[in-house]
Every structure is written in structure tokens, then in C-alpha cells.
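In what follows, every heavy atom counts, from backbone to side chain, and hydrogens, waters and symmetry copies are set aside. Numbering starts at 1 and runs along the sequence shown.
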Amino acid sequence: MTDLSWTEDYGENDFNGFDMSVLKMDEAYLSINIPDPSYTYRLYRKHVDCVKCPFVKLEQLSPDDSILIDGLRVILKQTPNNVYRISTQNAEPLEASADYTCEFGEDFGEFGIYNVNVTKSGCAVDVVKNAVSTAFPVLTVFLIYCALFLVIFGSGFLWRKFVTKKEKKEKESGGKMRVKSLDTFRGISIVIMIFVNYGAGGFAVLEHASWNGLHFADLVFPWFMWIMGACVPISLMSSFRKKLSNTSIFFNVLKRSIKLFCLGIFLGAGSTLECMRIFGVLQRFGICYLVVTTICLFLMKRDLIESKHKIGKFFTDLLVLWKGWVVVGVIFFIHCMLLFLLTDEGCPQGYLGPGGWHDHGKYFNCTGGATGYIDKVILGKHMYQNPTSKEIFLGTQAFDPEGILGCLTSVVHVFIGVQAGIILLVYKEHTHRLIRWLTWSVVTGLVGGGLCAFSKEDGVIPINKNLWSISFVLVTCCFAFFLLSVCYVLIDLKHWWTGKPFLFAGMNAILLYSGHEMTYGHLPMRWVVYCGKDHGTHLIALFENLWGTFFWVFLSYYWYTVKYFYTV
């Protein structure tokens with residue numbers, strides 16, 4: 001049961017002696033009553049995403065009105081993502097199969113107050129104050145921005161109609177028209193990426209999955225990689241038409257890859273040399289762009305004329321890239337050999353878990369299996385030090401989600417995108433393009449889903465962004481093919497949508513990515529209301545995160561109007 005509030009308001013600062021102003025986003029109060037002093041009870045907790053994990057002890061309970069931590073009652077964090085148990089056992093940790101007095105927590109919510117009365121036979125959980133709905137404020141933010149857009153665009157319309165009396169139209173040349181759905185797809189990816197990086201309103205469902213699984217935020221980076229691959233053959237064919245030599249094209253590709261890698265280090269490496277992070281998002285872009293474009297440069301057929309033979313006509317797009325697929329197949333085979341055969345001391349072969357307390361702590365120092373081991377040996381301290389696995393699974397190891405081994409499956413990912421670009425070049429009829437894109441969507445979705453048994457934790461290879469597993473590659477490619485097909489129908493086929501405003505962002509994607517990373521924490525892109533505090537509520541967080549995202553979309557529109565397009 002939650003209270004609906006347009007502004008996510010918890011009410012009075014003092015509620016029956018509870019200081020509500022202390023609570024932050026996704027926090028609640030818990031008061032535990034121990035009437036019988038002859039028994040010693042202890043409170044344990046685990047995160048709902050911590051699969052096969054034991055419960056970790058928080059506090060020993062005494063027969064007081066509540067637990068006191070630094071003079072405050074217990075403040076529950078990440079509600080309702082934590083599950084709590086009370087037990088008379090003194091174990092560290094408490095195994096999931098161990099006896100316990102009671103379990104609670106899944107129904108807790110933000111700004112709620114809960115009272116637990118402990119008895120010998122169990123617990124009774126009473127709601128002292130209802131939680132506040134965190135979904136309802138989404139409607140508030142939506143209405144606010146709708147009103148702002150109506151004022152802004154309404155004023156612009158009146159200005160054009162009665163003052164300038166001119167209507168700007170995009171000039172369409174008699175030559176080949178640009179496929180706007182590609183830029184729009186790229187724009188959708190970068191805009192969502194900025195929103196997620198800014199916090200996604202603090203909603204867990206919009207953030208990255210802690211280990212296995214696929215959340216909304218997990219789609220944008222692989223989509224960005226995929227659309228880069230789709231543009232590779234288009235760019236190469238342009239170079240071929242200009243009669244550039246293979247050597248010249250290769251060195252241009254190499255130069256661009258080095259720029260991407262160095263830009264990535266500049267944005268994410270930090271300033272401490274001892275633990276400077278080597279790999280990252282743009283670094284992976286640079287590596288995959290170099291490998292995939294080189295494969296296409298030397299192995300892709302340059303005669304993209306659709307075959308006249310009935311069978312050959314259907315497979316022309318595959319025949320153009322068959323030599324490249326052989327090389328990519330070898331790369332994937334090497335990845336599988338390393339992933340399932342290489343292992344650290346004390347870790348099992350083929351381990352794909354997060355280490356820590358996962359699987360009851362049996363492989364505590366095996367985070368990421370071979371993926372983490374390779375990074376540890378080669379990169380040492382030069383890898384990401386604070387992965388999500390530390391927070392959820394309480395491990396101690398560093399782990400880089402953009403590490404070395406994941407680059408191999410990322411190459412496969414980008415090359416699947418190349419296939420989408422080849423389809424666009426080979427087939428001129430809209431129906432033929434859409435049939436093939438949707439076929440690829442179905443096939444990659446079924447194979448990827450089969451590898452993970454269409455579940456979060458089961459299957460041969462679970463969907464995992466941190467490991468960039470092949471099931472993750474295939475499933476995200478499935479959605480990418482489908483999204484491109486939808487954009488293509490709406491924009492390039494039916495002309496029901498121009499692709500704006502995402503079109504603007506897609507034409508300056510690298511500039512937007514670099515800009516939002518460099519200005520993180522600076523006005524007017526980012527702001528907080530109070531000194532030394534976070535946003536406090538999902539309402540403010542969502543409003544601010546969307547503000548920052550819209551800022552970059554507007555800036556991309558300005559760059560579009562002045563014809564400024566930045567490429568690495």
C-alpha cells in the first residue's frame with residue numbers, strides 16, 4: 001500500500017518521533033521490538049539480485065524499542081530491493097537454508113515506517129506509515145515537460161507564422177538520399193545513454209543489471225556498437241568510390257581508432273597513474289572499429305550487385321561477407337576457449353559468476369571467471385575498481401565490464417551490425433531490406449534466448465553485459481534489428497516521422513558523449529537543490545536527469561542548424 005503524491009512528499013518532517021527529513025531516495029525506517037530479553041536476536045540482510053547468496057549480519061538486537069545506529073533507528077536502503085531476516089543464530093553469514101525467526105522486506109517502500117514485533121514463534125510486521133509511490137511522480141514530470149514543450153514550440157510556431165513568414169524546408173538533392181533511420185537509431189542510443197549515465201531518475205529498472213539479466217540501460221551501449229558496425233560498409237564503399245588505396249584507408253581507420261582509444265582514456269582513466277583505468281567505453285569502440293573495419297576492408301566483396309540467380313539473390317548479402325564471417329568465427333572460437341578453459345587458482349573452469357557471496361561464497365575471489373582473471377593478470381590495478389558486483393555480492397575484487405576478453409565478443413557484435421549495413425547496400429527494395437532485418441532479429445533472438453534458456457539465471461550462457469556474453473550479444477542485436485526496422489518504416493519508407501529530435505543527436509553522437517562526460521556535475525547540465533545532498537526524491541532526480549538530457553538534444557539541434565558535425 002502506497003500513498004499517491006504528485007510531488008513524492010512524505011508529509012511532516014516529524015512523524016511520531018521519526019525524523020522524515022533524514023530519509024533519502026528509496027529509504028525507509030524500521031523499528032524492531034524485542035519483548036523477551038532472554039533471547040538474543042540478530043538482523044541479517046541480502047540484496048534480491050544476490051542469487052544463491054547467504055544473509056549478511058547487520059546488527060545484534062537488544063530488548064529496546066528499536067535498533068539504534070548512530071542515534072537513529074534503522075534506515076532501510078534500496079527498498080524494496082533488500083530482504084531481511086531475524087534469527088537467534090550467531091552466524092556470519094547466515095546461510096539461506098539456516099533456521100530463522102522471520103523474513104520480511106519485499107513490500108517495503110520509500111519513506112515508509114515499519115514496526116516489527118518479534119516473538120518466539122515469528123514476527124508481526126505493522127505499517128506505521130505508508131510508503132510514498134515512486135511511480136506516480138513520473139506522471140508529474142511528464143506533465144511538466146509537456147507544458148514546457150507546448151510553450152516553447154507554440155511560441156516558435158507563432159514566431160515563424162507571423163514574424164518571419166518563412167518555412168524552412170530541408171533540401172533534397174537529386175542524388176542518393178541519406179538513410180535517416182541510421183542517424184535516428186544512433187541518436188536514440190546516445191540520448192538514452194546520457195539519460196542513464198545521469199541517473200535515470202534513480203529507478204532501478206532503468207539502470208544496469210547487477211550481473212545476469214537485461215535491463216533497459218543495458219541496451220544502449222550494444223546498440224551504439226551495432227550501429228557503428230552498420231555504418232562501416234557504407235563508409236568503406238564511399239572510400240572505394242573515391243579510388244582510395246587499401247593502405248590509405250587502413251591508416252585512416254587506424255588513426256581514428258587511436259583517437260577513440262585516447263579520448264576514452266582522457267574521459268575515464270582518472271588522474272592517478274598507479275590505478276589509471278586503461279579500458280572503457282570509447283576504448284572498446286576504437287578496438288572493435290579497427291578490427292571489424294580491417295576485416296571488411298580486405299575480405300568484403302566490393303561488387304554489391306544483387307545476384308540474378310534465385311538462390312544467390314536471397315543470399316547475396318551473406319556471400320559478400322562470408323570470408324569475414326570465417327575470421328569472426330575464429331575470433332569467437334578463441335573467446336570460447338579462453339572463457340571455458342582458462343581459470344585462476346581456486347576457481348572452476350567456465351565460471352561466469354560475480355564472485356563474492358554468490359553461490360554461498362564458494363568462489364569468493366573468482367569474479368567474472370576467466371574474464372576477470374585475464375584483466376587481473378594483464379591490467380593489474382589498471383581496471384575498474386568499483387563494479388556493481390562489489391555492492392550487491394559484497395566481493396572484494398575489481399572487475400572491468402569493458403575489459404579485454406569482452407572485446408572479442410564485441411567484435412562479433414559489431415560484425416552483426418555490418419551485416420545490417422550490407423543489407424542496406426545490396427538490396428534496394430524496402431521490402432527486401434525489412435524482411436532480412438526482421439529475419440536476423442528473429443534468428444538472433446531465438447539463438448540468444450536459447451543460450452540463456454529464456455531466463456535470467458539459467459541456460460548454458462546467461463545474458464550478461466559485464467561479461468559481454470554471446471547471449472547478450474545476440475539478444476541485444478535482436479532488439480537492434482527490430483528497432484532499425486521500425487525506424488526505417490516510419491522515417492524512410494512511410495515518411496510519417498522525420499527522426500527529429502533524435503536525428504540531430506545521431507549526427508553528433510561522439511561530441512554529445514564526450515561533452516556530457518566532460519561536463520558531468522557542472523551547470524547548466526547538472527544541478528542539485530541542496531548543499532551536500534543528493535536529489536532526495538525520484539521526482540527531482542527524474543526532472544534533473546531529463547533536463548540534462550534535453551540540454552544536449554537542444555545543443556545537437558543548434559549544431560545541426562549551423563552545420564557543425566564533429567567526427568573523430
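Checked against disulfide (SG to SG under 2.5 Å), Cys478 has no partners two or more places apart in sequence or in another chain. In this structure Asn386 satisfies the side chain to side chain donor-acceptor pair (under 3.5 Å) test with no other residue, sequence neighbours excluded.
No close placement of the Trp552 and Tyr557 rings is indicated, their centers lying 6.0 Å or farther apart. For Trp6 and Phe136, the distance between ring centers is under 6.0 angstrom.
Of the N and O atoms on the side chains of Asn33 and Asn115, at least one donor lies less than 3.5 Å from an acceptor on the other residue. There is a side-chain donor-acceptor pair under 3.5 Å between Glu95 and His360. Between the side chains of His47 and Asn82, no donor N or O sits under 3.5 Å from an acceptor N or O. Side chains of Ser21 and Asp19: a donor on one and an acceptor on the other come within 3.5 Å. A donor atom on one side chain and an acceptor atom on the other are not found under 3.5 Å apart for Asn508 and Ser556. Side chain to side chain, Asn117 and Asp126 meet the donor-acceptor criterion of an N or O pair below 3.5 Å.
Ring pair Trp226/Phe185 is tilted by interplanar angle, where 30° to 60° counts as tilted. Ring geometry for Tyr520 against Tyr198 counts as tilted: the plane angle lies between 30° and 60°, on a 0 to 90° scale. Aromatic ring orientation, Tyr145 versus Phe550: perpendicular (interplanar angle above 60°, classes split at 30° and 60°). Ring geometry for His413 against Trp468 counts as tilted: the plane angle lies between 30° and 60°, on a 0 to 90° scale.
A cation-pi contact, defined as under 6.0 Å to the ring centre and within 45° of the axis, is absent between Arg284 and Phe279.
Between the side chain of Glu8 and the backbone N or O of Thr537 there is no donor-acceptor pair closer than 3.5 Å. Between the side chain of Arg526 and the main chain of Gly521, no donor-acceptor pair closer than 3.5 Å is present. Side-chain atoms of Ser410 come within 3.5 Å of backbone atoms of Gly406 as a donor-acceptor pair (strictly under, hydrogens ignored). With Trp547 contributing its side chain and Pro524 its backbone, the two residues share a donor-acceptor pair below 3.5 Å. A donor-acceptor pair is defined here as one N or O able to donate and one able to accept, closer than 3.5 Å; such a pair exists between the side chain of Ser469 and the backbone of Pro462. Of the possible donor and acceptor atoms, one in the side chain of His516 sits under 3.5 Å from a partner among the backbone N and O of Tyr513. Remark: the backbone N or O of Met383 is paired with a side-chain donor or acceptor of Gln385 at under 3.5 angstrom. Formation of a donor-acceptor pair under 3.5 Å by the Trp357 side chain with backbone atoms of Lys362 is not found in this model. Looking at Ser471, its side chain does come within 3.5 Å of a backbone N or O of Ile461 through a donor-acceptor pair. Counting only distance, with no hydrogens or angles, the side chain of Trp437 and the backbone of Ala420 share a donor-acceptor pair below 3.5 Å.
Between the CG atom of Asn130 and the OG atom of Ser5 there is a distance of 12.5 Å, given to the nearest 0.5 Å. Rounding to the nearest 0.5 Å places OG of Ser485 at 10.5 Å from CG of Leu490. Between atom CD1 of residue Ile190 and atom CZ of residue Phe502 there is a gap of 12.0 Å, rounded to the nearest 0.5 Å. Distance check, rounded to the nearest 0.5 Å: CZ of Phe472 to CG of Asn466 gives 9.0 Å. Separating the OG1 atom in Thr371 from the CG atom in Leu467 is a distance of 4.5 Å, to the nearest 0.5 Å. The CG atom of Asp26 sits 12.5 Å away from atom NZ of Lys24, with the distance rounded to the nearest 0.5 Å.
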Assess the residue pair Gln397 and Asn365 against the criterion (side-chain contact (heavy atoms from CB on, under 4.5 Å)); give the C-alpha distance rounded to whole Å, side-chain angles, the decisive distance to 0.1 Å, and a yes or no. CA-CA 7 Å; Gln397 287 190 313; Asn365 295 316; 4.0 Å; yes
Worked check of side chain to side chain donor-acceptor pair (under 3.5 Å) between Lys57 and Asn90: CA-CA 9 Å; Lys57 185 167 68 174; Asn90 185 16; 3.0 Å; yes
In sequence, state the C-alpha distance, the side-chain angles, and the governing distance for Glu110 and His538, and then conclude on side-chain contact (heavy atoms from CB on, under 4.5 Å). CA-CA 10 Å; Glu110 182 182 84; His538 291 279; 3.2 Å; yes
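When each of Phe108, Phe18, Tyr114, Tyr10 is checked for a ring-ring contact (aromatic ring centres under 6.0 Å, His included) with Tyr29, only Phe18 meets the rule.
Remark: Lys180 does not engage Asp183 in a salt bridge, criterion side-chain N to carboxylate O under 4.0 Å. Arg277 and Glu402 are joined by a salt bridge, as a carboxylate oxygen and a charged side-chain nitrogen come within less than 4.0 angstrom of each other. Classification of Arg85 and Asp99 as a salt-bridged pair fails, no side-chain N sitting under 4.0 Å from a carboxylate O.
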